Structures are given as structure tokens and as C-alpha cells.
Amino acid sequence: MPIGYHLQALSTDKSLDFNVFVWNVEPGIKFDYATGRSRIDRSMKVSDSTE
């Protein structure tokens with residue numbers, strides 16, 4: 001299971017241009033990235049801050 005995904009795009013007219021990493025997280029779920037398993041963990045929080 002990947003820890004996240006790298007996304008990059010550039011449109012031909014250059015109106016769209018981004019390069020971001022999207023973390024593979026879900027509030028309330030804890031992932032074990034080595035095994036691909038997950039479990040409910042109500043203490044797991046995902047920050048909505050962009051800082």
C-alpha cells in the first residue's frame with residue numbers, strides 16, 4: 001500500500017499546472033503501509049491545515 005501519490009499535470013495552454021503529493025490517510029483509520037492492513041483508530045486525526 002502506498003503512503004501517498006505524486007500528481008503532476010501541465011495543460012498545453014498552461015492554464016493548469018500543479019505538482020503535489022497526496023497523502024494516503026483517512027480520519028479514524030490507521031493504515032499499516034507495509035502489510036496493507038487497516039484498523040479503526042478513533043484517535044487518528046488528519047490535519048486540514050495547509051501549513
Side-chain angles (χ1 to χ4, degrees):
M1 171 184 293
I3 197 167
Y5 303 90
H6 178 229
L7 302 172
Q8 185 175 13
L10 176 62
S11 63
T12 55
D13 67 358
K14 304 222 176 22
S15 63
L16 177 69
D17 182 2
F18 65 84
N19 183 5
V20 297
F21 186 83
V22 181
W23 294 97
N24 187 16
V25 293
E26 181 69 27
I29 305 292
K30 179 152 182 132
F31 294 117
D32 181 336
Y33 296 104
T35 65
R37 294 183 177 183
S38 63
R39 65 180 172 86
I40 295 174
D41 182 352
R42 301 278 182 224
S43 68
M44 198 290 193
K45 305 288 185 218
V46 176
S47 174
D48 60 1
S49 173
T50 57
E51 296 177 14

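All heavy atoms count here, side chains included; hydrogens, waters and symmetry mates do not. Worth saying up front: this structure is predicted, and the values here are computed from it rather than measured.
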Any residue meeting side chain to side chain donor-acceptor pair (under 3.5 Å) with Ser43, in chain and number order, not counting sequence neighbours:
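For Ser43, the residues satisfying side chain to side chain donor-acceptor pair (under 3.5 Å) (neighbours in sequence not counted) are Asp41.
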Shared-cluster residues of Leu10, by chain and number - hydrophobic side chains joined below 4.5 Å:
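Under the 4.5 Å side-chain rule, Leu10 groups with nothing.
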Taking only residues two or more places apart in sequence, or in another chain, which ones meet Thr35 in a side-chain contact (heavy atoms from CB on, under 4.5 Å)?
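Only Asp32, Arg37 meet the side-chain contact (heavy atoms from CB on, under 4.5 Å) criterion with Thr35.
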Can you sort out the partners of Val46 under side-chain contact (heavy atoms from CB on, under 4.5 Å), two or more places apart, ordered by chain and number?
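Scan of Val46 (side-chain contact (heavy atoms from CB on, under 4.5 Å), adjacent residues dropped) gives Val25, Pro27, Met44.
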What pairs of donor and acceptor atoms, side-chain ones from residues 15-22 against any protein atom, are under 3.5 angstrom apart with sequence neighbours left out?
unit_1	atom_1	unit_2	atom_2	d
Ser15	OG	Asp13	OD1	2.8
Ser15	OG	Asp13	OD2	3.4
Asn19	OD1	His6	NE2	2.5

Restricting to non-hydrogen atoms, name the atom on Ser38 and the atom on Ile29 that form the minimum distance, rounded to 0.1 Å.
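Minimum heavy-atom separation between Ser38 and Ile29: CB-CG2, 3.8 Å.
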With sequence neighbours left out, what residues match Tyr5 under ring-ring contact (aromatic ring centres under 6.0 Å, His included)?
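Counting only residues at least two positions away or on another chain, Tyr5 forms no ring-ring contact (aromatic ring centres under 6.0 Å, His included).
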